[in-house]
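Notes follow the structure.
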Amino acid sequence: MVQNAENVVDHFQLFRGPEYREMFKNKRDNFENGTPEEEVNRVAEWTKTVEYQEKNFAREALTINPAKACQPLGAVFAAVGFEGTLPFVHGSQGCVAYYRSHFSRHFKEPTSAVSSSMTEDAAVFGGLTNMVDGLSNAYNMYKPKMIAVSTTCMAEVIGDDLNAFIKTSREKGSIPQDYDVTFAHTPAFVGSHITGYDNTMKGVVEYFWGGKAGLAPKLERTPNNSINFFGGFDGYTVGNLREVKRIFDLIGAEYTIIGDNSDVWDTPADGEYRMYDGGTKLEDVANAVNAKATISMQQYCTEKTLDYIKTWGQETVALNHPIGVAGTDKFLMEVSRLTGKPIPDALKKERGRLVDAIADSHNHIHGKKFAIYGDPDLCLGVAAFLLELGAEPTTILSTNGGKSWEKKVRELLASSPYGKDCEVYAGKDLWHMRSLLFTRPVDFLIGNTYGKYLERDTGTPLIRLGFPIFDRHHLHRYPVWGYQGALNVLVWILDKVFSEMDAHSNVAGKTDISFDIIR
Amino acid sequence: MSLGLAESEDLKAKNKALVEEVLKVYPDKTAKRRAKHLGVYQNGKPDCGVKSNIKSIPGVMTIRGCAYAGSKGVVWGPIKDMIHISHGPVGCGQYSWGSRRNYYVGTTGIDSFGTMQFTSDFQENDIVFGGDKKLSKLMDEVQELFPLNKGLSVQSECPIGLIGDDIEAVSKKKSKEYGGKPIVPVRCEGFRGVSQSLGHHIANDAVRDWVFDKAEGKPARFEATEYDIAILADYNIGGDAWASRILLEEMGLRVVAQWSGDGTIAELEATPRAKLNVLHCYRSMNYVARHMEEKYGVPWVEYNFFGPTKILESLRKIAAQFDDKIKENAEKVIAKYQPLMDAVVAKYRPRLEGKKVMLYVGGLRPRHVIGAYEDLGMEVVGTGYEFAHNDDYQRTTHYIKDGTLVYDDVTAYELEKFVEAIKPDLVGSGIKEKYVFQKMGIPFRQMHSWDYSGPYHGYDGFAIFARDMDMAINSPIWKLNKAPF
């Protein structure tokens, strides 16, 4: 018996004990009808081949281990960034349970959102009653300042009309006539979570600027010197938005972060549960119409939103999740250009410190090959930083990246000699990546938690960077934007590089010639 | 630890007043509906006095999931040598990917597929023109890339039932093409029913129709013995089913199948030949247990492997279905582990004695874990289920005390208010609830995933359960919530 009260062992040690190992063998040999070990090994080896990769890439219907989620997840991400706002997802209720769990597993924080709990009868008759009752209940129970409505695929397939339903809800008195309810159709069978972010942000901006869905006159724009800022769907939103605010403050810019969810996903444990915290004030969203320009940190998260904002005469600037020296330079220079304020020396110093850190460490990263996967903008930002470090991006893959993204990545790669051997894969999944890691091996893989399966199967060390990250804690509290953010990313990469060096040079008398205490 | 009459009446009055108070937040219609789901247990009553298995109310923040979660996430997903296709848009499969910790032994991606996400990733065209052709092609691709799979299941997401796809026809045709390979279409669209529960039922029915019926006449893979049993409704979360199986085997029984944690299609097919089905999570698999009893004459017994008191009762109850040899063995097993249990209780009970617990879990644990807490001297003062039916609440009466607060399909608001008022020493619920209560300074354990620990079943599991409850409640962090300034 392995278990004992003095040193209680759990699944890590328990199932490695002889009793359990014997039990597993007995189960397999007698009852599972399992495939013989040699055959399992043969097939496992076959999956590593070019032949398998060709079959794998010939797939047209099957998606395996995709690196993307569905639109309403992005809708909830966007909605919780507004002051006192409750996300309301119209459709089946299980979806909302999934979004809440998904975010809580990443941020280790509560995530509040409600569903209109549509079932069979709503599938037949439409979900109007669910909307009317749901808005009334949510409004009374959770006393939100605003409700942001989005849809699950069920409501989209049956064709529920959010604008009409919300109007009817007002008429029926389920919410006050002038109560703010924004809405966006977010079908799960179009795009991904970044599309849902975009649709929701556009919905919010359009609601406040365009006359609150008929409740108020359309706003008149009186341009001022302020700038608007969108972070996009971002697993590092807590650290990043705080860093961006610090940067704006250092520059002395007037700004509005639209959709600031950095506080609601980082509330203190001081005895009080805050269902809402922080967030962009609703009057600030309205006033944002007057801004001189809007900056988006993630182009592919805000395409429709920026197009809409352009129609108001604002200049828009779309970046691609800038990480590193040049990316941050560009961000700061755009802010400086748009606000007419110089970049202060304090930031110049931070820049110098980052360059100093890279100079100190680049030799451990130079020439190392990397595979990267994630959301389209993240891939661009990470790749640009790797090129600065002298690393060689070798494989870049984005399940929710499209043709224009692919072109943009190729342009980036062409700008550096370190990018010349890189292949780019739009719309592919992590089972494609698995083949690629066998046929075009790299030194390191950059991706989210699911990358650990690739690390296990292919032996490629994983550097966790992306969303979701379930199996490491608190990384989301650190920025990856700004010079400070790039420093964090540099350290995460280096930590893995050094750990790998040690892990491969720590056998006494065999490999420990290189087991250095100074690196 | 039972309360005196006056105390018990006082508790009931307090809890009733609390329910009244909490209901005030709702609009009238909603208050009326929610009132039926909130109750205070009265000793001697046949159930807990709450309505259940009724539609959740829109907008209230129910904690429930859907039928897909019940079928793919719970029942089918853990069958390790089959490929379960999340059929529809990408999200459902993504959010349920690997998150339930149904442990298994196997080479993932080669002969086992439990922690993978296979989806048809529906696009607009699939909604407009239907997804049957895509499904058909997808199955061919699965066959080519994963030749060692032993079967497929089609886990329907919401759109499938709305656009009129015929997944049964595709499944039949493809099964024939692949020489009779099991291909199981499951109509578990998320809008069906009121919770995960209908998904369990639909998944059970799919086993009946697409596994048992098709397997009839196939030769048995092993010779039956008098001691063959199957474990039903243990999902092997953190290894629970293994910590249970080892005890059943130690008492001389032969476990021929595990449903469904670490399970295989071969085990499902073999189960109607078992002499006894032992059922852990009644809620999610009573349907298939009843079916096997009616059609194949396999009796079933419910058991509870949480905590030494219930394990002892259960081992004897199972042994009672067999001959004296097994009964004697059961006593030997109990005796073998008694010193371990004594040591665990001696170590942890003094640290946990008298602590109050509130639970809100799925369809089994709100009652099944109560004995384990009591073994540690703890008291469950409130409990409720996400997706129980009335027969679960009847069974709950055997576990709870007079005056216990009972909440069915609780809303986030209600649970928060109940906990605020009752101030338990521990809340046991899910990931969506965890951080709410920790912010409030209340120790918490996830009672779906064991907070990534486990197993909690069996004697080995109880030691871990005790350790974990102790570390939750007695962590020094709870003294630091309030700043000294």
Side-chain angles (χ1 to χ4, degrees), chain A residues 3 5 8 10-11 14-15 20 23-24 30-33 35 40 43-44 55-56 59 61-66 68-70 92-94 97-98 100-102 104-105 109-110 114 116-120 123 130 133-138 140-141 153-154 157-158 188-190 267 269-271 273, chain B residues 25 27 30 55-56 58-62 65-66 69 89-91 94-95 105 107 110-111 116-119 121-124 127 134 137-138 141 144 148 158-159 162 190-191 221-222 238-239 246 256 264 266-267 343-344 347 413 431-432 435-436 438-441 453-454 460 463-464 467 481:
Chain A
Q3 192 61 284
V8 173
D10 56 24
H11 53 86
L14 192 62
F15 301 126
Y20 281 101
M23 189 181 87
F24 297 152
N30 296 312
F31 306 110
E32 292 187 353
N33 185 32
T35 305
V40 172
V43 172
K55 287 180 195 293
N56 191 10
R59 266 190 284 144
L62 172 64
T63 299
I64 310 162
N65 297 354
K68 68 170 182 182
C70 68
S92 305
Q93 72 193 14
Y98 277 143
R100 295 179 64 209
S101 303
H102 208 64
S104 288
R105 288 176 180 136
E109 291 284 325
V114 299
S116 63
S117 294
M118 286 165 66
T119 56
E120 286 103 329
N130 297 68
D133 291 351
L135 286 177
S136 165
N137 287 324
N140 282 290
M141 293 173 73
C153 55
M154 178 206 184
V157 172
I158 65 173
F189 44 81
V190 176
T267 64
D270 58 1
Y273 161 54
Chain B
V25 76
T30 307
K55 268 198 276 189
S56 301
V60 298
M61 214 178 310
T62 173
C66 63
V90 69
Q94 204 70 5
Y95 310 127
V105 179
T107 308
I110 310 300
D111 70 345
M116 293 176 71
Q117 137 64 335
F118 295 88
T119 175
D121 187 13
F122 260 35
Q123 302 299 304
E124 202 149 20
I127 300 285
K134 187 174 202 177
K137 185 172 217 178
L138 178 158
E141 292 172 0
E144 174 142 40
L148 302 186
C158 286
L162 298 172
F191 62 82
R221 289 202 175 83
F222 51 82
I246 203 162
V256 299
T264 57
E267 290 168 70
V344 168
K347 181 175 176 185
Y413 177 88
I431 184 70
K432 305 192 287 300
Y435 303 105
V436 171
Q438 292 191 171
K439 305 277 179 197
M440 289 163 63
S453 173
D460 283 338
I464 304 164
R467 178 199 72 177
N481 289 106

Trace of the side-chain contact (heavy atoms from CB on, under 4.5 Å) decision for A/Val40 with B/Leu148:
CA-CA 8 Å; A/Val40 172; B/Leu148 302 186; 4.2 Å; yes
Chain B heavy atoms under 4.5 Å from [X]: which part of the residue, side chain, backbone, both or neither?
{"X": "A/Ser92", "answer": "side chain"}
{"X": "A/Asp10", "answer": "both"}
{"X": "A/Leu14", "answer": "side chain"}
{"X": "A/Val157", "answer": "side chain"}

Under 3.5 Å, is there a donor-acceptor pair between the side chain of [X] and the main chain of [Y]?
{"X": "B/Gln117", "Y": "A/Ile64", "answer": "no"}
{"X": "B/Gln438", "Y": "A/Ala269", "answer": "no"}
{"X": "B/Lys439", "Y": "A/Thr267", "answer": "yes"}

[X] portion near chain A, given a 4.5 angstrom heavy-atom threshold:
{"X": "B/Gln123", "answer": "both"}
{"X": "B/Cys158", "answer": "side chain"}
{"X": "B/Thr107", "answer": "side chain"}
{"X": "B/Lys55", "answer": "side chain"}
{"X": "B/Ile431", "answer": "both"}

Relative to chain A, which of B/Thr62, B/Thr119, B/Val344 shows the most heavy atom pairs under 4.5 Å?
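The candidate making the most pairs under 4.5 Å is B/Thr119.
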Should B/Ile464 and A/His11 count as side-chain neighbours, where that means a heavy-atom distance under 4.5 Å?
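Of all side-chain heavy-atom pairs linking A/His11 with B/Ile464, none is under 4.5 Å.
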Would you call A/Tyr20 and B/Asp460 a side-chain contact if the rule is heavy atoms closer than 4.5 Å?
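A side-chain contact under 4.5 Å exists here.
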B/Phe118: ring-ring contact (aromatic ring centres under 6.0 Å, His included) partners, not counting sequence neighbours:
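Result, ring-ring contact (aromatic ring centres under 6.0 Å, His included) vs B/Phe118: B/Phe146.
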For the residue pair B/Tyr95 and A/His102, categorise the inter-ring angle as parallel (less than 30°), tilted (30 to 60°) or perpendicular (more than 60°).
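Ring orientation of B/Tyr95 relative to A/His102: perpendicular.
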Quick one about A/Asn137 and B/Thr30 (side-chain donor to acceptor, distance below 3.5 Å, no hydrogens or angles considered), yes or no?
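Per modelled atom types, B/Thr30 and A/Asn137 side chains form a pair under 3.5 Å.
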State the CD-CG distance between B/Gln94 and A/Asn65, to the nearest 0.5 angstrom.
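Rounded to the nearest 0.5 Å, the CD-CG separation comes to 8.0 Å.
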Partner residues of B/Lys347 under the side-chain contact (heavy atoms from CB on, under 4.5 Å) criterion, sequence neighbours left out
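In terms of side-chain contact (heavy atoms from CB on, under 4.5 Å), with neighbours along the sequence ignored, B/Lys347 is linked to A/Glu6.
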